S.K.: 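Have a look at the structure that comes next, please.
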Protein chains: 2
Amino acid sequence: MSDDTKSLVRSTALRLFRERGYAATTMRAIAQEAGVATGNAYYHFASKDHLVQELYLDVTREHAVAARSVLAQGGDLTARLRGVMLAGVDAFAEYHAFGAEFVTVAIRPGSAASPFSAESSESRELSQALFRDLVEEASPEVPTVLRDELPELLWLAQLGVTLFWVYDGSPGQRRTRTLVEGAAPLIGRLVRLSRLPVLRGAADDMLALVRAVRS
Amino acid sequence: MSDDTKSLVRSTALRLFRERGYAATTMRAIAQEAGVATGNAYYHFASKDHLVQELYLDVTREHAVAARSVLAQGGDLTARLRGVMLAGVDAFAEYHAFGAEFVTVAIRPGSAASPFSAESSESRELSQALFRDLVEEASPEVPTVLRDELPELLWLAQLGVTLFWVYDGSPGQRRTRTLVEGAAPLIGRLVRLSRLPVLRGAADDMLALVRAVRS
DNA sequence: ATGTTCAGTTGAACATGTTCAACTCGATGC
DNA sequence: GCATCGAGTTGAACATGTTCAACTGAACAT
């Protein structure tokens with residue numbers, strides 16, 4: 001019964017999260033709806049955060065699928081970045097009403113649902129692989145110096161866009177889409193310009209900074 | 001007694017927050033330590049978040065004082081930005097152990113302690129005025145095109161640095177300081193370069209984006 | 001004096017995340 | 001067959017943020 005129970009609790013939790021949001025979905029409601037005792041949910045999932053983490057993984061997978069089909073179409077860095085990020089906005093759209101709650105939970109450093117947490121490694125890898133592909137298979141090619149660091153920077157940028165999205169109250173999250181539509185070509189242009197001697201120094205400094213900060 | 005009680009609750013809460021952090025400071029403990037009933041704290045402060053907001057205001061004020069004395073020394077954009085941001089890291093340093101909790105609370109869109117909330121307008125204004133001064137009184141002067149938008153962008157950058165700081169587990173938050181030491185000259189350089197014809201287009205696009213996204 | 005009002009205060013009650021001692025029951029060992 | 005073990009399960013208990021009906025007492029009106 002264990003595996004069955006675990007996946008039953010998970011699917012019930014995800015359904016309730018989707019229907020009611022984070023705060024309105026109590027652990028008691030999840031357990032009751034799944035037909036198990038409250039404590040049983042805790043036997044399978046260490047905390048409510050861990051259930052949110054399951055939702056996060058779910059949404060990441062949806063995003064990955066959509067993004068893969070965007071990336072399969074080729075294109076330059078700008079087009080690919082725009083496509084992947086807009087696919088992200090779409091994947092998240094369903095949750096915008098509760099998005100704030102979820103991101104709040106996810107951003108807490110100790111949280112299992114944090115994009116940086118060990119528990120989230122699966123979704124993090126999935127997502128970061130996306131951005132590696134985005135950069136590496138772009139044509140025309142991204143300058144070699146940038147190729148190592150850019151994927152992670154873009155992944156961070158996506159987290160930033162998500163944070164913006166949380167605060168975006170415009171209908172259909174139009175402002176977030178505007179941000180992506182504007183930022184993608186801007187980043188594409190800066191990457192191209194990084195080859196120029198005037199900017200080469202700034203680009204090198206930036207890469208050095210990223211490496212210094214990481215260690 | 002009302003005003004007395006209110007400020008007593010506030011100072012007790014702030015003391016306990018400093019001593020024990022956010023989660024370990026219960027509303028009951030605050031009330032008990034202040035010698036009032038639990039419900040009384042709620043009569044004066046709508047929620048625990050509102051008490052955190054008081055702490056946020058306190059820290060912002062400390063930062064403003066330190067930053068003002070940095071700005072009084074003149075200097076170029078890089079030096080001023082570096083000084084103000086490092087003063088911020090210092091002002092926050094005392095809370096790093098609990099910083100994660102506080103920022104988590106502060107970032108929740110509905111929270112009173114959110115930097116974007118109506119309740120935080122006082123600290124937000126205080127902080128944004130700092131960055132306006134930082135930009136406007138810098139010498140050599142910041143290019144005119146940038147002068148309107150740059151202060152708010154730098155204020156947002158400071159929020160970003162704070163977010164980084166939350167996740168920074170290095171001793172003395174060395175990585176955050178490294179980030180500031182590296183980012184300040186980088187931003188200074190990019191601002192100077194924005195005058196060049198090659199970058200002028202990118203700079204204009206970025207400003208247009210900021211304006212488009214804001215509305 | 002007496003009654004009225006109301007800001008300030010009280011503490012019990014409530015909802016919810018989480019913990020835990022006890023129970024079930026199939027598998028395993030003898 | 002019987003005892004033992006332990007993964008899985010139960011529901012009551014606990015801690016804490018928050019709410020609320022009731023109480024207090026000073027200020028004011030009559």
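Since this is a predicted model, take the numbers as computed values, not measurements. Throughout, a chain's letter reflects where its sequence line sits, starting with A, and its residues are numbered from 1.
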S.K.: Once side-chain hydrogen bond (donor to acceptor under 3.5 Å, both in side chains) is applied, do any residues pair with Glu54(B), and if so which ones, sequence neighbours excluded?
M.R.: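 Once residues adjacent in sequence are excluded, the partners of Glu54(B) under the side-chain hydrogen bond (donor to acceptor under 3.5 Å, both in side chains) criterion are Arg10(B).
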
S.K.: Tell me, which pairs form a ring-ring contact (aromatic ring centres under 6.0 Å, His included) where one or both residues lie in residues 68-95 of chain A, sequence neighbours left out?
M.R.: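 Output for this query lists Phe92(A)-Trp165(A).
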
S.K.: With sequence neighbours left out, what residues match Glu125(A) under side-chain hydrogen bond (donor to acceptor under 3.5 Å, both in side chains)?
M.R.: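 Result, side-chain hydrogen bond (donor to acceptor under 3.5 Å, both in side chains) vs Glu125(A): none returned.
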
S.K.: With a 3.5 angstrom cut-off on both distances, give the Watson-Crick or G-U wobble partner of dT30(D), or none if there isn't one.
M.R.: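 When the pairing criteria are applied, dA1(C) turns out to be the nucleotide that pairs with dT30(D).
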
S.K.: Which residues pass the salt bridge (charged side-chain N to carboxylate O under 4.0 Å, His left out) test with Asp90(A), sequence neighbours left out?
M.R.: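 Asp90(A) satisfies salt bridge (charged side-chain N to carboxylate O under 4.0 Å, His left out) with Arg177(A) once adjacent residues are dropped.
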
S.K.: Can you tell me the distance, in whole Å, between the CG atom of Asp4(A) and the P atom of dG26(C)?
M.R.: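 About 15 Å, once rounded to whole Å.
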
S.K.: For Arg174(B) and Asp168(B), run salt bridge (Lys or Arg N to Asp or Glu O under 4.0 Å): C-alpha distance rounded to whole Å, both residues' side-chain angles, the deciding distance at 0.1 Å, then the answer.
M.R.: CA-CA 8 Å; Arg174(B) 192 166 305 152; Asp168(B) 180 2; over 6 Å; no

S.K.: Expressed in angstrom and rounded to an integer, what is the separation of Asp49(A) atom CG from dG17(C) atom C1'?
M.R.: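 From Asp49(A) CG to dG17(C) C1': 10 Å.
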
S.K.: What are the residues of residues 15-38 of chain B, sorted by number, that bring a heavy atom to within less than 4.0 Å of DNA chain C?
M.R.: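 Arg28(B), Val36(B), Ala37(B) - these, ordered by number, are the residues of the stretch whose heavy atoms sit under 4.0 Å from the strand.
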
S.K.: Return the value, rounded to whole Å, for the distance between atom CZ of Arg108(B) and atom P of dG17(D).
M.R.: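 These atoms are roughly 12 Å apart.
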
S.K.: From the list dT18(D), dA7(C), dT18(C), which nucleotide is the closest neighbour of the side chain of Ser47(B)?
M.R.: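 Per side-chain heavy atoms of Ser47(B), the pick is dT18(D).
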
S.K.: To the nearest angstrom, how far is Tyr42(A) atom OH from dT19(C) atom P?
M.R.: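 Distance, rounded to whole Å: 7 Å.
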
S.K.: In whole Å, I'd like the distance from the CZ atom of Phe45(A) to the P atom of dT9(D).
M.R.: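 Roughly 12 Å, once rounded to whole Å.
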
S.K.: Please tabulate, for the side chains in residues 20-31 of chain A, all donor-acceptor contacts under 3.5 angstrom to protein atoms that are two or more places apart in sequence or on a different chain.
M.R.:
unit_1, atom_1, unit_2, atom_2, d
Thr25(A), OG1, Leu16(A), O, 3.2
Thr25(A), OG1, Gly21(A), O, 2.6
Thr26(A), OG1, Ala29(A), N, 2.9

S.K.: Rounded to the nearest angstrom, tell me the gap between atom NE2 in His50(B) and atom C1' in dT18(D).
M.R.: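 These atoms are roughly 13 Å apart.
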
S.K.: Need to verify one output field. Residue with the more 5' nearest nucleotide on DNA chain D, Lys48(B) or Gly39(A)?
M.R.: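 With Lys48(B) and Gly39(A) compared, the 5'-side residue is Gly39(A).
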
S.K.: With respect to the side chain of Asn40(B), which nucleotide from dT10(C), dT19(D), dT19(C) is positioned closest?
M.R.: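 Closest nucleotide to the Asn40(B) side chain: dT10(C).
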
S.K.: In this structure, how many angstroms lie between the P atom of dT16(C) and the CG atom of Leu51(A), rounded?
M.R.: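 So the two atoms are 16 Å apart, to the nearest Å.
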
